[in-house]
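A note on names: the letters A, B, ... follow the listed sequences, proteins ahead of strands, and every chain is numbered from 1. Computed from a predicted model, the values in this text were never measured in an experiment.
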Amino acid sequence: MAKNLLIVESPAKAKTIEGYLGKDFLVKSSYGHIRDLVKTDDAIDVENNFEQKYEVPSDKKAVVSELKKLAKDAETVWLASDEDREGEAISWHLYETLSLKDDKTKRIVFHEITKPAIMRAIDEPRKIDYNLVNAQQARRVLDRLVGFELSPVLWKKVKPSLSAGRVQSVAVRLIVEREREINKFAAEASYKIVAQFLTGKGKEQFKAELPQRFDQKSDAETFLRDCIQAAFAVNSLEKKPAKRSPAAPFTTSTLQQEASRKLGFSVARTMQVAQRLYEAGRITYMRTDSVNLSDTAIQEAQQEIVNAYGEKYHKLRRYKTKSAGAQEAHEAIRPTYFSQHTIEGDHAERRLYELIWKRAIASQMSEAEFEKTTAKISVSTRREELVATGEVMRFDGFLKVYMESTDEESDNTNEQSGENALLPPLEKDQSLILKAMNATERFSRPPARYTEASLVKKLEELGIGRPSTYAPTISTIQNRGYVVKEDRDGRERRYTVLQIADDKVVEEIKTEMTGAERSKMFPTDIGVLVNDFLVEHFNDIIDYHFTAKVEKEFDEIAHGGKEWTTMLKDFYGPFHQGIQDTLEHADRASHERHLGTDPATGKPVSVRVGRFGPLVQIGSADDEEKPRFASLRKGQMIETITFEEAMDLFKLPKKVGLFEDKEMTVAIGRFGPYIRHASAFYSLPKGMDPMDVTEEDAIQIIQEKRQKDKEKVIRVFEENPDAQIENGRWGPFIRFGKQNVKIPKGTDVDKITYEDVLKWAEADPKGKAKAAAKTATAKKATTKKTTKKTSTAKSKK
DNA sequence: CAGTGAGCGAGCTTCCGCTTGACTT
């Protein structure tokens, strides 16, 4: 029996540490927290100093009983959970739950998993820090009180099953408020002047811009006209060295941002893949707020950089965390072995590892050095100067391995930036030949919508949430239906371009797409409704700075300067009063908006949130005639929909004619406009207005789709016409009734027999399960719907 | 991928932070 039992939070960590400590130590993991508040409303006794009822959740029972047994037999139990508030609480819960003895228990901490760090920790054991534990209790109790008192208010005043909390509600608020900023944003147009010059001798070309812009088209036109007969010369020439430094190694939040920008990963996917890399021993812990690297890591990175790129590429750097509320219990995210530039694994694992490796290596490399040249060009007829800039890299430094990307979209419109371009050799007073000049109308841009990752960044800046909760929070607000992540089409916008041609200024109108979004976070109507309700009645809790405020108090508790129950009492009194007042006095939340009167019937037109989502209604319930309803479409919201848009919703579905004795109907569904005929759906070609579809169009679309489907079929099996080989998006596959059967790699498609099909179909449990699930869920969904229908109806009262 | 759309009912929903599996969808 081992003399020492050492308990950490993560099993992967346990494995590593066991290797460092040898036979006398048995290293086990608690798998995070082992106890939590009971899930019922009596978990906290607010009358009695916020006394808590804890329980070991069922999925932790096995871990706890194993640890209990091992602890009983061990001479010394070492509690080595993380060095932060939560970690201290885990140690305390272990101490209590395992019934440990004070003289047999030692608390140790380390914030990097290296042998020297662990040996040092073992030499310096301490006791459980009850101030820190109390700070965690205050945090836990406050979150429970807020979540479990706010949510029921929403059930009563908005709709059942909704949720609110210190973190999620602020996340939703950020998105709602950003959407409103975008809605009220009015783009301002201005004219940007860009010129192309030729040098006199070599006839080399380069570009220059006017730094200032013209608000008025007439001013831009005048400028261009003045330039027609003007002489141009290099007025001044300046060369300046410039440097760029690498970014710090990854934290959870920065990893999520870069993986989103460079690899297109959702934050959940990034964390899944990182978890696999961590478990395989490829990277250090992936839930961290620290940018710190251990001394051994810094040395290994140095060795690797010097070996691979040479001494002058190395620069030792230590980074400091900037973000609020960082607890730094771990290292930054880095490769376990810097010598491994790449790894084995699936595509996602290899790419994420590479990103982590590059970022960590680059963080220990030299600055990149540039020479920036700025040439100012005089215009004989004007006082303004045009400016040409060029940048030459003198030394690549860290850019040899890593370039951080930004959130700025580069694909936006006709922006032709002259930055980073090379300039031909120029001399002061050299005269230049104007080759072309134009003034392009440009528009100011609204604030950017959040992506999952940029929302995480914002939350981190506000100190809201922790590395372990960023991804779950993003999921929660989507699962609750408060926000959606989706693509939205942009709209066309016209802009004016003025140009010098044949000594005249000519004008041209062009169009561009603007406002198109990919994978962005949009609030839903229910998200807006809940947010506005919370802001109205609980503004102090939903305030961006609420977390920062309470964190400060948790810190005071942790340092022994404040009693945790006092802090909670001060908070809970007014909070609970607010809950009661709201329950008693607040109206049911509704965002009903009256849009106007239907000219055809004279009935009122309004929008509101219905049981199945936002809808438009013509007529009222107490009218004799039943009101007419229509659902809002993707991108439409109660707050912003216009009367005309609302009335348009009643124009579809529209019957467009007959085909094969059956009606054809045009409508708009979740995937865009389509024609419904018999029981089949046919998408409209992109760009076709569903209102304009004629009978002939519809027939043609149906026939074309049928033809295309026919072309996809390679072979139908004689034995069973429900079995056929088709060309799919990723190559040939077998359609076998409802089941899609994969063709094994390397099979000659022409030689597949019906026996093969039966065999493969049988051997593909996933495909079978999927086919079965398809029918099962279809059934379930319908039954669920009907039960839900009655249930919500009941609770309405 | 549509259509639907308040009404009486019983009892349920819900927080944030630590950690991984054991399961299907």
Worksheet item: Starting at CD1 of A:Ile477 and ending at P of B:dT14, how long is that distance when rounded to a whole Å?
Response: 16 Å
Fill in: Contacts of A:Pro627 that satisfy side chain to side chain contact (heavy atoms under 4.5 Å, CB included) - sequence neighbours left out
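Here the qualifying residues are A:Gln617, A:Phe629.
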Worksheet item: What is the nucleic acid contact for A:Leu162, judged by heavy atoms within less than 4.0 Å: base, sugar-phosphate only, or nothing?
Response: sugar-phosphate
Worksheet, complete the sentence: Contact string for nucleotides 16-22 of chain B, one letter per nucleotide 5' to 3', B = base within protein heavy-atom range under 4.0 Å, S = sugar-phosphate only, - = neither, reads BBBBS--
Worksheet item: Which is true for A:Ser631 with a 4.0 Å heavy-atom rule: it touches a base, it touches only sugar-phosphate, or it touches nothing?
Response: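 Base contact.
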Discussion item. If stacking means aromatic ring centre less than 5.5 angstrom from the base's six-membered ring centre, planes under 30°, is A:Trp155 stacked on B:dT13?
Written reply: yes
Worksheet item: Between B:dA2 atom P and A:Leu632 atom CG, what is the distance in whole Å?
Response: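 One finds 14 Å between P of B:dA2 and CG of A:Leu632, rounded.
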Worksheet item: For A:Glu625, does the CD atom sit with more than 12 other heavy atoms under 6.0 Å from it, leaving out its own atoms?
Response: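 No, not enclosed.
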Discussion item. Rounded to whole Å, please give me the gap between CG in A:Leu534 and C1' in B:dC15.
Written reply: 13 Å
Worksheet item: Can you check the A:Asn479 CG to B:dT25 P distance for me, whole Å?
Response: 17 Å
Fill in: A:Asn539: side chain to side chain contact (heavy atoms under 4.5 Å, CB included) partners, not counting sequence neighbours
A:Arg173, A:Val535
Discussion item. Tell me whether the rings of A:Phe575 and A:Phe571 are parallel (<30°), tilted (30 to 60°) or perpendicular (>60°).
Written reply: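 Because their plane-to-plane angle is under 30°, the rings of A:Phe575 and A:Phe571 count as parallel.
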Worksheet item: Does some side-chain heavy atom of A:Glu551 sit less than 4.5 Å from a side-chain heavy atom of A:Arg85?
Response: yes
Worksheet item: Can the positive tip of A:Arg35 be found less than 6.0 Å from the middle of the six-membered ring of A:Trp92, inside 45° of the ring normal?
Response: yes
Worksheet item: With sugar-phosphate meaning primed atoms plus P, OP1 and OP2, does A:Pro472 contact a base, only sugar-phosphate, or nothing at under 4.0 Å between heavy atoms?
Response: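 A:Pro472: no heavy atom of the nucleic acid under 4.0 Å.
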Fill in: Whole-Å distance separating the CZ atom of A:Arg633 from the P atom of B:dC1
16 Å
Discussion item. What verdict does the ring pair (Phe, Tyr, Trp, His ring centres under 6.0 Å) test give for A:Tyr674 and A:Tyr682, after you've listed the backbone C-alpha separation in whole Å, the side-chain angles of each residue and the deciding distance to 0.1 Å?
Written reply: CA-CA 5 Å; A:Tyr674 65 92; A:Tyr682 304 88; 9.7 Å; no
Discussion item. Need one value for A:Arg276: base, sugar-phosphate or nothing, where a base atom within 4.0 Å counts as base even if backbone is also close, heavy atoms only.
Written reply: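 A:Arg276: no heavy atom of the nucleic acid under 4.0 Å.
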Item to complete: Kindly say whether, by distance alone, the side chain of A:Ser163 makes a donor-acceptor pair under 3.5 Å with the base of B:dT14?
Response: no
Worksheet item: What residues form a side chain to side chain contact (heavy atoms under 4.5 Å, CB included) with A:Thr524, not counting sequence neighbours?
Response: A:Val484, A:Ile526
Worksheet entry | Length of the CD-C1' vector between A:Gln617 and B:dT4, whole Å |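 Nearest whole value for this atom pair: 13 Å.
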Fill in: Under 5.5 Å and under 30°: A:Phe629 stacked on B:dT4
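The base of B:dT4 is not stacked with A:Phe629 (the test needs centres under 5.5 Å and planes under 30°).
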Discussion item. Could you work out, with side chain to side chain contact (heavy atoms under 4.5 Å, CB included) as the rule, every residue matching A:Thr251, not counting sequence neighbours?
Written reply: A:Ser253, A:Thr254, A:Val291, A:Glu460
Discussion item. Can you see if the side chain of A:Arg480 gets near the phosphate of B:dC15 - specifically, an N or O under 4.0 Å from OP1 or OP2?
Written reply: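 Looking at the OP1 and OP2 atoms of B:dC15, one of them is under 4.0 Å from a side-chain N or O of A:Arg480.
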Worksheet item: To the nearest angstrom, how far is A:Leu150 atom CG from B:dT14 atom C1'?
Response: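 After rounding, the gap between these two atoms is 10 Å.
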Worksheet entry | Cationic tip of A:Arg480 above A:Tyr482 ring, under 6.0 Å, 45° of axis |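 Judged by the rule (NZ or CZ under 6.0 Å from the ring centre, within 45° of its axis), A:Arg480 is not positioned above A:Tyr482.
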Worksheet item: Given pairs defined as Watson-Crick or G-U wobble with both distances under 3.5 Å, what dot-bracket annotation applies to DNA chain B, with ( ) intrastrand, [ ] crossing, | other strand and . unpaired?
Response: .........................
Practice prompt. Measure from OH on A:Tyr54 to C1' on B:dC15 and round the result to the nearest Å.
Written response: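 Going from OH in A:Tyr54 over to C1' in B:dC15 covers 13 Å.
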